[in-house]
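This report concerns only the one structure given below.
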Number of protein chains: 2
Amino acid sequence: MSPRAGLNPDRLAAEAADLADEQGLGAVTLTALARRVGVKPPSLYAHVASNRDLRQRLTLRALEESAGRVAEAVAGRSGREAIDALGQAYRDYASAHPGRHAAMSLPLDDEVAAVGAGPRHAELARAALRGYALGEPDETHAVRLLGATVRGWTDLERAGGFARSEPDAEASWQRAVDGLDVVFGSWSRGVAGAADPAASHATSRAESQASGQGMV
Amino acid sequence: MSPRAGLNPDRLAAEAADLADEQGLGAVTLTALARRVGVKPPSLYAHVASNRDLRQRLTLRALEESAGRVAEAVAGRSGREAIDALGQAYRDYASAHPGRHAAMSLPLDDEVAAVGAGPRHAELARAALRGYALGEPDETHAVRLLGATVRGWTDLERAGGFARSEPDAEASWQRAVDGLDVVFGSWSRGVAGAADPAASHATSRAESQASGQGMV
DNA sequence: GTGACTTACCTATGCATCATAGGCAAACCC
DNA sequence: GGGTTTGCCTATGATGCATAGGTAAGTCAC
């Protein structure tokens with residue numbers, strides 16, 4: 001078609017992301033991508049090393065994008081509000097960009113994972129939990145529990161696991177957030193099972209103002 | 001090679017499962033499977049309709065196998081013990097059979113999903129939670145929270161998310177189970193945040209004997 | 001046991017995708 | 001404006017999915 005189509009790795013990753021959202025992650029193929037940007041498949045090798053390379057760029061892009069949205073959602077919030085906002089941001093991202101979301105779960109080579117936005121997500125969870133004033137190792141335990149819950153939730157929700165509704169997914173989510181808030185609230189006293197959940201709830205709210213921004 | 005190799009759909013699904021565990025889900029290809037069982041690729045079409053069909057059989061098989069193990073683990077237990085056993089069974093299965101575990105997350109056609117072991121997993125979670133004596137809709141909320149946590153946890157653990165240890169994954173898992181136990185214990189009183197976690201903990205233990213078996 | 005049917009495997013073939021090699025012309029550089 | 005770089009191309013090969021059609025092993029009637 002056009003000589004000099006103006007391609008570059010970033011542009012290709014962006015197009016691949018759109019392709020994934022529109023037709024599924026499985027449709028992200030060099031041939032399909034080439035068709036989409038108006039070149040022949042071999043031409044793409046000037047910009048990406050392989051199909052795997054392309055998909056890793058897509059994964060990194062999705063990790064960065066979603067981290068940005070989550071950071072924005074969590075900024076200025078703490079305690080239960082922060083947990084809700086964090087999970088909601090992931091869920092919204094997964095819903096609006098299913099292909100990108102699916103790409104976030106793709107395995108990365110170790111060296112590219114290290115420099116990518118993966119660690120940033122763990123930091124965001126830590127930031128969201130800051131209001132509970134957990135010490136180590138509880139904070140790490142909490143990051144893992146929160147991370148697992150959010151990840152599992154978005155996966156199941158995407159897979160239609162909550163589809164045959166009865167209570168709608170939103171109600172269950174709010175209840176889940178309530179539960180996590182109770183747990184982390186009880187941990188902030190340092191002894192599991194020793195805190196009164198209602199009090200811990202209030203505590204996390206009270207600390208909202210002081211600690212809920214400035215992460216990233 | 002041999003005329004009449006003795007193939008059938010179940011045998012192929014089993015071989016595909018082993019192949020997935022040994023070389024990854026991505027290595028489950030008709031060509032590789034044919035090589036493994038000693039026939040030429042087109043011969044497999046006498047037993048499975050397509051690559052997609054093969055993978056769905058693999059998924060169903062993994063869902064059934066893991067459901068069996070989880071049922072065995074949860075049998076005779078309730079409360080915190082049941083939650084721990086359920087999650088542990090999934091985690092052990094994922095660790096011992098990474099390919100099968102990965103296959104469990106593959107999307108299924110609606111009609112095959114309906115008759116498969118998928119619903120059985122939800123029932124297992126319900127059974128594990130029986131000791132908390134939750135009513136509806138809390139029980140469904142609890143099933144979803146527990147399901148999301150376990151799924152997310154196994155995924156992250158498999159992906160190496162808890163690898164750079166500090167607190168090891170096992171310690172975090174026990175803490176997570178403690179947390180869920182506190183949450184579900186508080187729900188069993190009917191009002192979120194009104195129960196004393198220590199008491200709810202004791203309650204779920206006391207009910208262990210009466211309600212912890214007979215699921216499936 | 002011989003012949004007919006059924007079934008499980010085969011070869012041959014076509015298409016899609018990933019990937020490499022090598023060519024040609026546009027863009028850029030002075 | 002001549003030389004270099006760069007971005008796209010065609011040609012080609014490997015691998016995997018899938019279909020069509022052939023052939024022989026196994027099964028059954030009698």
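Numbers restart at 1 for each chain; the letters A, B, ... are given by sequence-line order, proteins then strands. On a predicted model such as this, the values are computed, not experimentally measured, just so you know.
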In this structure, how many angstroms lie between the [atom2] atom of [N] and the [atom1] atom of [X], rounded?
{"X": "A/Arg52", "N": "D/dT15", "atom1": "CZ", "atom2": "P", "result": "20 Å"}
{"X": "A/Arg55", "N": "C/dA19", "atom1": "CZ", "atom2": "P", "result": "11 Å"}
{"X": "B/Asp53", "N": "D/dT19", "atom1": "CG", "atom2": "P", "result": "12 Å"}
{"X": "A/Leu33", "N": "C/dA19", "atom1": "CG", "atom2": "P", "result": "13 Å"}
{"X": "A/Leu30", "N": "D/dA14", "atom1": "CG", "atom2": "C1'", "result": "15 Å"}

Chi angles and distances behind the side-chain contact (heavy atoms from CB on, under 4.5 Å) call for A/Thr140, A/Arg144: CA-CA 6 Å; A/Thr140 297; A/Arg144 288 171 176 179; 3.7 Å; yes
A/Tyr90 side-chain N/O to A/Ser66 backbone N/O, donor-acceptor pair under 3.5 Å: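 Looks like no, no N/O pair under 3.5 Å.
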Residues within residues 43-51 of chain A bordering DNA chain D, heavy-atom distance below 4.0 Å: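 Correct list: A/Ser43, A/His47.
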Cation over ring face, B/Arg175 and A/Trp187, 6.0 Å, 45°: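 Satisfied, under 6.0 Å and within 45°.
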Positive for side chain to side chain contact (heavy atoms under 4.5 Å, CB included) with A/Ile83, one of A/Leu146, A/Val150, A/Val74: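 With A/Ile83 as partner, A/Leu146, A/Val150, A/Val74 yield a single side chain to side chain contact (heavy atoms under 4.5 Å, CB included), made by A/Leu146.
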From C/dT20, D/dC8, C/dC10, nucleotide with atom closest to B/Val39 side chain: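 Closest of the options to the side chain of B/Val39: C/dC10.
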Sugar-phosphate, base or nothing in reach of A/Pro41, heavy atoms under 4.0 Å: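 No contact.
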Any A/Thr29 side-chain nitrogen or oxygen under 4.0 Å from OP1 or OP2 of C/dA16: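 No.
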